[in-house]
Amino acid sequence: GYEWADVAALGPDVAGRAVRVRGAAHAVRAVGRRVAFLVLRQGSSTVQCVVGGGGGGGGGDAGVARFAAGLSRESVVDVAGVVSLPREPVRGTTQQEVEIQVKKLYCISKATPNLPISVDDAARSEEDVVKAKAAGEQLVHVGQDKRLDFRVIDLRTPANQAIFRVQCEIENIFRQVLLSEGFVGIHTPKLIGGSSEGGAAVFKLDYNGQPACLAQSPQLHKQMAICGGFERVFEVGPVFRAEDSNTHRHLCEFVGLDMEMAIKDHYSEVCDVVDRLFVAMFDHLNKNCAKELEVINRQYPFEPLKYLPKTLRIEYDEGIRMLKEAGVHVEAMGDLNTESEKKLGELVHTKPFYTMPCSDDPRYSNSFDVFVRGEEIISGAQRVHVPEVLARQAEERGIDVGSIAAYVDAFRYGAPPHGGFGVGLERVVMLFCGLGNIRKASLFPRDPRRLNP
Ligand code: 4AD
């Protein structure tokens, strides 16, 4: 009996055991007529399989070796054989230390011999290609667009296997920390009548004859959940933005990590949750995903993220003063991101209509942004819970109040002061791992041009 085994579990401790392994034919190499080496890959682990090396002689060995040598790369293969210690220590960073002496070999699914991209080419770092070129060697580097076109092959690279494990951990920690703080997970509708963030970046559609759109955020309904008596809620779900900006950090569909909570005294209570959540998240990743981070770093070199146990909080005016001192030209009340000169009082209008103005000075708002590696990943705020103010602020921004009437009305039946934040899952992955492009953090990215695969 050959027992099913995972490649990652094959080590010297199981030498001598009869195992059965299913994986992808990562590489095949014939040695003479009687022996073939087959490198089998499962996830980001590989193991070398020796086919026909049993010394049995005769046509049998040559037949199976020929069959192995003829396997197309990426075909799904079952091998049954005995785990053995190799004569020479195995090189290669992801390869197991042991080999399998193959007794039986089956091809389960044959891959086309004309693969559009190879996993090895896709797994190469730009640095490797540059180095090889300097040494007069020609290595293929597959561009990002082509890799995304053939994403199912591209996803097989060790870095991609690691990136999406890290993504899963981030989502998981988001849930765990908020659950431990008394939050309830919810799901809000993605088909809605009025746009949730305002502005032009909204996908419009026809809902059985009614105008509708895809939710730009769970904003309105997560607040309505607070009105519905849930004091603390969170959601992990798709967010749709009809972005026309082709940048390294904008997607048309991304995964939103959102929360909303009733607040007692001050909206900084929301910031306190941000601190606890993200410090726990980053600590967890460094501790539990060290292997994944190392694998990602090999293909996409990055400096580990530095973070403080408590986020540095800078008041808006203080930020402006620091920028000025650093010689950056900014106007008071100007837009920090574009550094464009904006007239006094304009800032509050750049915040969405549901944002609570500052009670001391309505030119400011009770809102905050969080930056990682100099880029925004989180935006949050206290919300307006007074229906009249909400309706007025929506109107001022040209939003059809009729289309969000049920939302505004929700605050007429008694609503506690509340606030929350939203963060893009792909942005967290991209910035924590220093990937440089959000598409690398999305399994099948949707950007202004890409709807496939
Ligand atoms: O800053 P945004 O638009 O804020 C909201 O949606 C609010 N309703 C959230 C809140 O509770 N105040 O989006 C929130 C986060 C951003 O900080 C960013 O991380 C991410 O979502 N994000 C995007 N990620 C990828 N592609 C895009 N086009 C994104 N737009 C925003």
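By convention here, the first residue in the shown sequence is residue 1. Quick caveat, the model's predicted, so the values are computed rather than measured. Read the numbers this way: they start at 1 and go in the same order the structure lists the ligands and their atoms.
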*Side-chain contact test, heavy atoms from C-beta onward, threshold under 4.5 Å: evaluate it for Glu181 versus Arg232 and give yes or no.*
yes
Heavy-atom proximity to atom 16 (C) of ligand 1 ranks first, among Arg241, Gln216, Glu376, for Glu376
Looking only at distance, does Ile377 have an N or O less than 3.5 Å from an N or O of ligand 1?
-> yes
Can you find an N/O atom of Ala381 closer than 3.5 Å to an N/O atom of ligand 1? no
Quick look: Ser217 vs ligand 1, heavy-atom contacts under 4.0 Å, and the answer is side chain
Ligand 1 to Glu197, heavy atom cutoff 4.0 Å, flagged ligand atoms 5 (C), 6 (O), 7 (C), 8 (N)
Exactly one of Thr157, Asp121, Asp154 clears side chain to side chain donor-acceptor pair (under 3.5 Å) with Arg147, and that residue is Asp154
task = Give a yes/no on ligand 1: does Glu426 have at least one heavy atom closer than 4.0 angstrom to it?
result = no
Sorted by chain and residue number, the salt bridge (Lys or Arg N to Asp or Glu O under 4.0 Å) partners of Lys131 (sequence neighbours excluded) come out as none
*Would Gln382 count as a contact of ligand 1 if the rule is a heavy atom under 4.0 Å away?*
no
So the atoms of ligand 1 within less than 4.0 Å of a heavy atom of Arg249 turn out to be 25 (C), 26 (N)
Tell me if the CD atom of Glu231 is crowded by more than 12 foreign heavy atoms within 6.0 Å. no
**Study point:** Phe368 and Tyr267 aromatic ring geometry - parallel, tilted or perpendicular at 30°/60° bounds
**Key:** parallel
Item checked: N or O pair under 3.5 Å between Ser379 and ligand 1 -> yes
Short version for Phe254: what comes under 4.0 Å of ligand 1, heavy atoms counted, is side chain
Give the C-alpha distance, both sets of side-chain angles, the deciding distance and a yes or no for side chain to side chain contact (heavy atoms under 4.5 Å, CB included) between Gln219 and Glu260. CA-CA 9 Å; Gln219 186 62 40; Glu260 200 70 25; 4.1 Å; yes
Using a strict 4.0 Å threshold on nitrogen-to-oxygen distance, state whether Glu235 and Lys190 make a salt bridge.
-> yes
For Tyr354, the ligand 1 atoms with a heavy-atom partner under 4.0 Å come out as 7 (C), 8 (N)
Would you call Glu294-Arg298 a salt bridge at under 4.0 Å N-O? yes
Taking the non-hydrogen atoms of Met259, is any one of them nearer than 4.0 angstrom to ligand 1?
no
Check against salt bridge (Lys or Arg N to Asp or Glu O under 4.0 Å), Lys351 and Glu396: CA-CA 12 Å; Lys351 288 286 165 196; Glu396 280 169 6; over 6 Å; no
Under 4.0 Å between heavy atoms, the region of His250 that gets near ligand 1 turns out to be both
- Message: Could you check whether any side-chain N or O of Glu253 sits under 3.5 Å from a backbone N or O of Val239, counting only pairs where one atom can act as donor and the other as acceptor?
- Response: no
Say whether Gly422, considering both its backbone and side-chain N or O atoms, lies within less than 3.5 Å of an N or O atom on ligand 1. yes
A student checking ligand 1 against Glu243 at a 4.0 Å heavy-atom cut-off should list atoms 28 (N)
Ile378 heavy atoms within 4.0 Å reach ligand 1 at atoms 17 (O)
Is the shortest side-chain N to carboxylate O distance from Arg175 to Glu171 below 4.0 Å?
yes
Short version for Ile438: what comes under 4.0 Å of ligand 1, heavy atoms counted, is side chain
- prompt: Would a line drawn from the ring center of Tyr307 to the ring center of Phe282 be shorter than 6.0 Å?
  reply: yes
Margin query: Looking at Asp272 and Arg313, is any side-chain nitrogen of the basic one under 4.0 Å from a carboxylate oxygen of the acidic one?
Written below: yes
When distances are taken from atom 11 (O) of ligand 1, the protein heavy atom at minimum range is Arg383 NH2, 2.6 Å
Closest to atom 18 (C) of ligand 1 (heavy atoms only, candidates Gln223, Arg427, Glu253, Gln219) is Arg427
side-chain contact (heavy atoms from CB on, under 4.5 Å) with Lys222: of His418, Arg383, Met261, only one passes, and it is Arg383
Honestly, for Glu375 the part within reach of ligand 1 (heavy atoms, under 4.0 Å) is neither
If you scan protein heavy atoms around atom 26 (N) of ligand 1, the nearest is Leu251 N, 2.9 Å
Any heavy atom of Met430 under 4.0 Å from ligand 1? The part involved is neither
So the atoms of ligand 1 within less than 4.0 Å of a heavy atom of Phe421 turn out to be 10 (C), 11 (O)
